[in-house]
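Data block below; observations after.
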Amino acid sequence: MPFSIRTGRARVAVAVAARAVALITVVGCSDGGGGGGDSATTSAAGPSGGGTQVTIDNFKFQPAALTVAPGAKITVVNEDTTTHTLTATKGATFDTGDLAPGRRATITAPSKAGDFPWDCTIHPFMKGTLTVR
Ligand SMILES: [Cu+2]
């Protein structure tokens, strides 16, 4: 019964497609569980708009120690030739995610005072510290 076999395959394909759409919808609606301060937006690197900035070059953060006000926006620019991240290692949730060469991201400092170490998740020897006060 070739016709009935084709119909069966078509039904399976539709079911798979519906599931994929549902998955995309769930991801799109996710807000990350809240907590704040863990979002980052990336864009092509361009002229700096001013404000606080950390540059990544030659496997180093510059500066590697930074003091900002609570909730300050920090622009992270990757001027290196490989992908890096700037990711809080404890006490905070800021994270640029993977920053390809030539990309930048904006992170938000924690709203509470303290010292918040960060590293690059790809190269853990790359370290820095954000001081909020
Ligand atoms: Cu790195």
Side-chain angles (χ1 to χ4, degrees):
M1 295 185 32
F3 180 78
S4 118
I5 288 168
R6 272 201 300 276
T7 304
R9 281 191 186 149
R11 266 198 209 114
V12 168
V14 168
V16 169
R19 203 170 299 149
V21 169
L23 191 62
I24 289 162
T25 304
V26 167
V27 170
C29 291
S30 170
D31 65 2
D38 58 353
S39 63
T41 54
T42 65
S43 61
S48 171
T52 306
Q53 182 169 309
V54 175
T55 301
I56 306 172
D57 195 11
N58 195 26
F59 293 86
K60 284 183 193 135
F61 295 106
Q62 296 176 327
L66 187 63
T67 300
V68 299
K73 302 276 193 218
I74 302 161
T75 301
V76 182
V77 183
N78 183 6
E79 294 185 352
D80 211 343
T81 54
T82 190
T83 297
H84 296 292
T85 79
L86 188 160
T87 306
T89 50
K90 62 178 181 185
T93 55
F94 55 84
D95 181 11
T96 61
D98 286 357
L99 263 190
R103 305 291 287 186
R104 64 173 59 209
T106 302
I107 56 172
T108 303
S111 56
K112 61 186 185 209
D115 288 340
F116 303 97
W118 77 66
D119 67 10
C120 170
T121 59
I122 303 166
H123 313 102
F125 58 89
M126 296 173 59
K127 292 177 184 301
T129 301
L130 179 66
T131 299
V132 175
R133 70 179 179 213

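Keep in mind that the numbers below use all heavy atoms, side chains included, and drop hydrogens, waters and symmetry copies.
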For L86 versus F94, what's the shortest heavy-atom pair and its separation? CD2-CE1, 3.6 Å
Does T131 have any side-chain hydrogen bond (donor to acceptor under 3.5 Å, both in side chains) partners at least two apart in sequence or in another chain, and if so, which? D115
Would you give the length of the straight line joining atom OG1 of T89 to atom NZ of K127, rounded to the nearest 0.5 angstrom? 6.5 Å
With a cut-off of 3.5 Å and sequence neighbours excluded, list every side-chain donor-acceptor pair involving residues 119-126.
residue, atom, partner, partner atom, Å
T121, OG1, T85, OG1, 3.3
H123, ND1, H84, ND1, 3.0

If you look at every heavy atom in F116 and G91, which pair is closest and at what distance? CE2-O, 3.1 Å
Can you give the donor-acceptor pairs under 3.5 Å from side chains of residues 54-74 to other protein atoms, not counting sequence neighbours?
residue, atom, partner, partner atom, Å
T55, OG1, Q53, NE2, 3.4
K73, NZ, T108, OG1, 3.3

Search all heavy atoms of T83 against all heavy atoms of N78 and return the closest pair with its distance. CA-ND2, 4.0 Å
